[in-house]
Structures are given as structure tokens and as C-alpha cells.
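Have a look at the structure below before the remarks.
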Amino acid sequence: MSKSPVTVAVTGAAGAICYNLLFRIAAGDMLGTDQPIKLRLLEITPALKALEGVVMELDDCAFELLDSVEIGDDPNTIFDGVNLAMLVGARPRTKGMERGDLLEANGAIFTAQGKALNAHAADDVKVLVTGNPANTNALIAQSNAPDIPAERFNALTRLDHNRAIAQVAQKAGVPVSAVTNMTIWGNHSATQYPDVFNARINGENAFEVLGSDFDWVENTFLPTVQKRGAAIIDARGASSAASAANATLEHVQNWVLGTPESDWTSMAIPTSGAYGIDSGIISSYPVTVTDGTTSVVEGLEINDFSRAKIDASVAELREEAAAVKELGLI
Ligand code: NAD
Ligand code: LMR
């Protein structure tokens, strides 16, 4: 018997990330090639015409799994009964713009969307925020959705996770599949901390396999991963789109279908004390998802260098949270 459709809302649906995301969702790359999908696509009014063009292209793919596509500019309608909400739409950072500048601009969007999800989403809804500043936008949405369990709100750090894996694989001269147990801690920003000390290469400690080269970790690996988003904006004149779409899809895939048995992934989740990070922010952690339950990987060794970097990123998240609280958004 065929599965009943899952209703997936995606915002910013006429934007660059979604142009790389929607077709893969409809093809079954995210939830499996036996899972029918109902797509609900949200845009702002001026972008609805462009979105109609995207829908024509979705039609023209004749995806067998695509049960229906609805578009609109009202989150209350688009989020009605959704099982998954992928909040991609936001104002992207452009050259010279700091992430802090985005807090206020995006606050209104995520307040309204949090309220609409609270009122209309299905009981099992999971919400992933990709739109920047992702962690704090997720916090705003979560704070405005008091009836949805807090842990159903995640922010995307999977792109950073994948970037860190790629850098380690290139340095070690191994395929990316050899690099496991990577962790991004903290904020999806330049303060994020990609943790090579707990990563593995072919099952061995990655730092040691790389020759215990602390200088490379501190002066090449960290800044490369932390500033990769800005480097792409500088090179392309626009923020990452295909890789961000891929990471968004992989996050949801692991969240719904689970993480591989011998590995973990990075997800920004509401904090509740693990690794000394008190509640009140949405911070990236090493997590596993088993039988639908997300768990922080416990017992990792955090050296002094790592602790200081994690603390700095967490401090930035607390500053962002304080700023949006001051603005009355949470
Ligand atoms: P884009 O400008 O191409 O598309 C964004 C779309 O969102 C636009 O079509 C816009 O009309 C729409 N939008 C704006 N406000 C909306 C609202 N209230 N409701 C619905 N739609 C709305 O940008 P993009 O390249 O697709 O990037 C989207 C976001 O993702 C940006 O904030 C970007 O910074 C962020 N991003 C995050 C990561 C990450 O790893 N977390 C990586 C890359 C990009
Ligand atoms: C990225 O990491 O590529 C983006 O978050 C960069 C940005 O600010 O849009």
C-alpha cells in the first residue's frame, strides 16, 4: 500500500536556495522515493509571479511523488496542517552587511511565521530554519509558537558541518566518506566552532591523523570553515545556494529518517544545559536521531581551546537573543 503524503511547507520558494531544493524534495531525495509529498510554497506577494514559473517547472518534471503544489503569500493558509516547515525565506546577507543587521529585518518575518505555525501546523510539525541569522530566527519562531514543543525548532548548521568535512578530507587526502563524527558547535556565523578534535578519519582521531598540526587547525581550518559563507558571497556576488539547499535537505532527512548508526551530525537545537550551555538559545551540537528522537552526543572531550571557542559562539548567540528580546520579538 502506498504511503500517505507528507505536507511540506517551504518559504522563500522563488529564491535561489529553493530553486535548488524543491526539485530534489519532489524527486524523493529528502524523504525517500516511496514518500508522496504535498508542497506548500510561501512567498511575499511581489514574488508570486516568479513562483508560478517555478511551479510550471515542477509540473514539467512530472514527478510521480508530487501529489500537489499550493502557493500563497499568507503563512496562515500555507502552514495549515503542515508536517514539515522549511523556513528558507529571509533577506540574504549581501556584501558588507553584518549578520547583526539582519536581526531586526528578519524579526518580523519569523514572529509572524512562528504564530502561524502555532495556530495551523499539524501536531507533529518539525520546523527547520535556514534563513539567516538562522539560529536566532529559529529562536524567534519558537518563542512565538508556545504550543509546539521547543525541540521541534532547529536551525541549519549542516552546511558548516559538510564544509568542515570537505576541508578535513582535502587536507588528509582521503574521500569525504572517510571523515566522520564532525561537530559544529554554536552559531551559524563566523564564530561557529568546527571541532576537529572529536572528528575521525577512517575511525581514527582526525587531529592525530592530520599530524597534530595545531597551527593548521587554528589558522587555516577554522577560518576557512567559519568564513566560507562570506568567501562564497565574495566570489559569486550571492550567498551559497546549491550547497545550502543540499544541507537543508540532508538536515531534514536525518531528522525524519535518522542518523547513520556509526556517525552523528550537527544540528542547532534549543539548549537545555548539555556541555554547560544553559537554556535560552538555539545552538549547534553533535546529535543523533534514532527512532525519531534527537539526542545530544554525550561525553565528548572538550579541550581548553575548544571550550573557549564554544563559549565565544554561545556568547554571541546570547547577545543576539538579548537583542531580539529588547526588540520585543521573543
Ligand atoms: P533569495 O533572496 O534568493 O531568496 C529568498 C526568498 O525569500 C526571496 O524570494 C524572497 O522573496 C523570499 N522571502 C522574503 N521574505 C519572505 C517571507 N516573509 N515569506 C516568504 N518568503 C519570503 O535568498 P536565498 O539565497 O534563497 O537565501 C535564503 C536565506 O538563506 C538567506 O537568509 C540566506 O542568508 C540564508 N542562507 C543560510 C544558510 C545556512 O547555512 N543557514 C546558507 C546559505 C544561505
Ligand atoms: C552561508 O553560510 O553560505 C550563508 O549563511 C552566508 C550568508 O550569510 O548568507
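Nothing here was measured: the structure is a model prediction, and the numbers come from that model. Counting starts at 1 for both ligands and their atoms, following the listed order.
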Heavy-atom distances under 4.0 Å decide this one: backbone, side chain, both or neither, for T130 against ligand 1? both

Within the 4.0 Å heavy-atom cut-off, what A90 brings close to ligand 1 is both

Run the contact test for Q113 against ligand 1 with a 4.0 Å cut-off on heavy atoms, strictly below, and give the result. yes

Tell me whether ligand 1 is touched by S240 - counting only heavy atoms on the residue side and a distance under 4.0 Å. yes

Return yes if a side-chain donor-acceptor contact under 3.5 Å exists between [X] and [Y], otherwise no.
X    : Y    : result
N144 : Q113 : no
T130 : T248 : yes
Q226 : Y193 : no
N187 : E316 : yes
W264 : T183 : yes
N76  : H120 : yes

Of the listed options E43, H188, R158, closest to atom 8 (C) of ligand 1 (non-hydrogen atoms): E43

Taking the minimum heavy-atom distance to atom 20 (C) of ligand 1, which of N20, I233, L42, D160 ranks first? L42

Counting only heavy atoms closer than 4.0 Å, does ligand 2 sit against the backbone of Q226, its side chain, both, or neither? neither

Less than 4.0 Å between a side-chain N and a carboxylate O, is that true for R307 and D304? no

Would you say Y275 has more than 12 foreign heavy atoms packed within less than 6.0 Å of its OH? yes

Mark yes when over 12 heavy atoms from residues, nucleotides or ligands other than E64 sit less than 6.0 Å from its CD; otherwise mark no. no

Can you list the atoms of ligand 1 that are under 4.0 Å from a heavy atom of [X]?
X    : result
I109 : 15 (N), 18 (N)
A244 : 42 (C), 43 (C)
G89  : 7 (O)
L156 : 39 (C), 40 (O), 41 (N)

Check each atom of ligand 2 against the heavy atoms of S239 and keep those under 4.0 Å away; list them by number with element. 7 (C), 9 (O)

Suppose I only count heavy atoms of N132 and a 4.0 Å limit; which atoms of ligand 2 are within that range? 4 (C), 5 (O), 7 (C), 8 (O), 9 (O)

R236 heavy atom under 4.0 Å from ligand 2: no

Does some non-hydrogen atom of R228 fall short of 4.0 Å from ligand 2? no

Taking N or O atoms only and a 3.5 Å limit, does [X] qualify as a polar contact for ligand 1?
X    : result
G12  : yes
T11  : no
A16  : yes
L159 : no

Quick check: does S240 get an N/O under 3.5 Å from an N/O on ligand 2? yes

Can you list the steps and then say if N20 with R24 is a side-chain hydrogen bond (donor to acceptor under 3.5 Å, both in side chains)? CA-CA 7 Å; N20 291 276; R24 291 188 62 195; over 6 Å; no

So among V10, V127, L42, which one has a side chain to side chain contact (heavy atoms under 4.5 Å, CB included) with L87? V127

Given 3.5 Å as the limit, does a donor-acceptor pair link the side chain of S306 with the main chain of I302, or not? no

